[in-house]
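Notes follow the structure.
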Amino acid sequence: MAAIVPFDQRDGVIWMNGKFVEWKEAKVHVLTHALHYASAVFEGERAYGGEIFKLTEHTERLFASAEMLDMKIPYSVAEIDKASRDTLARQGFTDAYVRPIAWRGSEMMGVAAQASRINVAIAVWQWPAYFDPNALEKGIRLDIAKWRRPDPITIPCKAKATGLYMICTLSKHEAERKGYADAMMLDWRGQVAECTGANIFFVKGGELHTPTPDAFLDGITRRTVIDLARRRQIRVHERAIMPEELKGFESCFIVGTAAEITPVGEIGPHKFTVTDMVRTLRSDYLAEVQPKRKAA
Ligand code: PMP
């Protein structure tokens, strides 16, 4: 396998606080509030055919996440949309991953940092498949994480905030050590929640079942998939799902900007088959993300 070029050693430019800087020079100081106190929010977007899918929805979520962390981004949504498109163009990719991030800077060090600057950066790189493409046929294997999504009264769980990923990294590391591709997480009540970077759907009797997103990110891909399913007259049940129900589902797949639609073949002891419905929704999704060319 080719060695991965470290993320701070790549070529190109990164948009940082209103201007493009050389990729290798896009640095922050070690005494940055975000590094010590997790005061950062981010997005994950994908460009297809030169256009970022649902860009404004992602940018609006970035702003909403920032607000939940008491951070005011010093740009407008339109400015960040434009900066995202410009960064993609400057990088010269048509199909790419786009990562905007907003974080509290280094002006103040301590829990309170009211006067610190809110910085924004946008980086674009090529990230072909989140999971092993060879696993698409049989589905990936998921562990069941020991960490649980926290109660909404303990943390702003709807924000796409860096701090919420601590338990995701721990869960995914443990899963990978056991030979799994990822982990499914329960919430604090013991209900099925999501994966470490994607939402989850189950299939039973030709209908979809997915957890109500009351304690985790209501992903943009999740909402897109619900929409695509309804266009095909597939019923979608958003409800509390208990892990005991896993044995009764026929298929399972996870959805997210990076993961797109990835079939799941196993969750712990439970086995699923990749059915035509999963394949159809996957191809519907891959068609939906392509730019809609206006008729001339
Ligand atoms: N849950 C988590 C924890 C995620 O990191 C992601 C990826 N952003 C998702 C769900 C899916 O969200 P989206 O479809 O908006 O990418």
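Small disclaimer: the values here were computed from a predicted structure and weren't measured. One-based numbering, in listed order, for ligands and for the atoms of each.
Polar contact with ligand 1: absent for Arg149 (N/O pair, distance under 3.5 Å). Considering both main-chain and side-chain atoms, Thr221 comes within under 3.5 Å of ligand 1 through a nitrogen or oxygen pair. Of the N or O atoms in Cys168, none lie within a sub-3.5 Å distance of an N or O in ligand 1.
For atom 2 (C) of ligand 1, the nearest non-hydrogen atom of the protein is Glu194 OE1, 3.5 Å. Scanning the protein for heavy atoms near atom 7 (C) of ligand 1, the closest one is Gly197 O, 3.4 Å. In terms of protein heavy-atom proximity, atom 12 (O) of ligand 1 is nearest to Gly219 CA, 3.4 Å.
Near Thr257, with a cut-off below 4.0 Å to any heavy atom, the atoms of ligand 1 are 13 (P), 14 (O), 16 (O).
For the ligand labelled ligand 1, residue Arg61 lies inside the 4.0 Å heavy-atom shell. Ligand 1 lies less than 4.0 angstrom from a heavy atom belonging to Lys160. For the pair Thr196 and ligand 1, a heavy-atom separation below 4.0 Å is found. Using a 4.0 Å heavy-atom cutoff, Tyr165 is listed among the residues neighbouring ligand 1.
Heavy atoms of Ala198 found under 4.0 angstrom from ligand 1 belong exclusively to the backbone.
In this structure, Asp8 does not pair ionically with Lys24, as no charged nitrogen and carboxylate oxygen lie closer than 4.0 Å. Between Asp143 and Lys172 no salt bridge is recorded (no basic side-chain N to carboxylate O distance below 4.0 Å). For the pair Arg222 and Glu238, the salt-bridge criterion is met [side-chain N within less than 4.0 Å of a carboxylate O]. At a threshold of 4.0 Å, the pair Lys158-Asp218 does not count as salt-bridged, since none of the basic side-chain nitrogens sits closer than that to a carboxylate oxygen. At a threshold of 4.0 Å, the pair Asp227-Arg231 counts as salt-bridged, since one of the basic side-chain nitrogens sits closer than that to a carboxylate oxygen.
Taken from CD1 in Ile241 to CG in Leu246, the straight-line distance is 8.5 Å, to the nearest 0.5 Å.
Proximity of the aromatic rings of His209 and Phe249 is defined here by a centroid distance below 6.0 angstrom, and this criterion is met.
Lys160 and Tyr165 share a side-chain donor-acceptor pair at under 3.5 Å.
In this comparison of Asn199, Ile167, Ile200, the heavy atom closest to atom 11 (C) of ligand 1 sits on Asn199.
Distance alone, capped at 3.5 Å, places no donor-acceptor pair between the His237 side chain and the Arg239 backbone.
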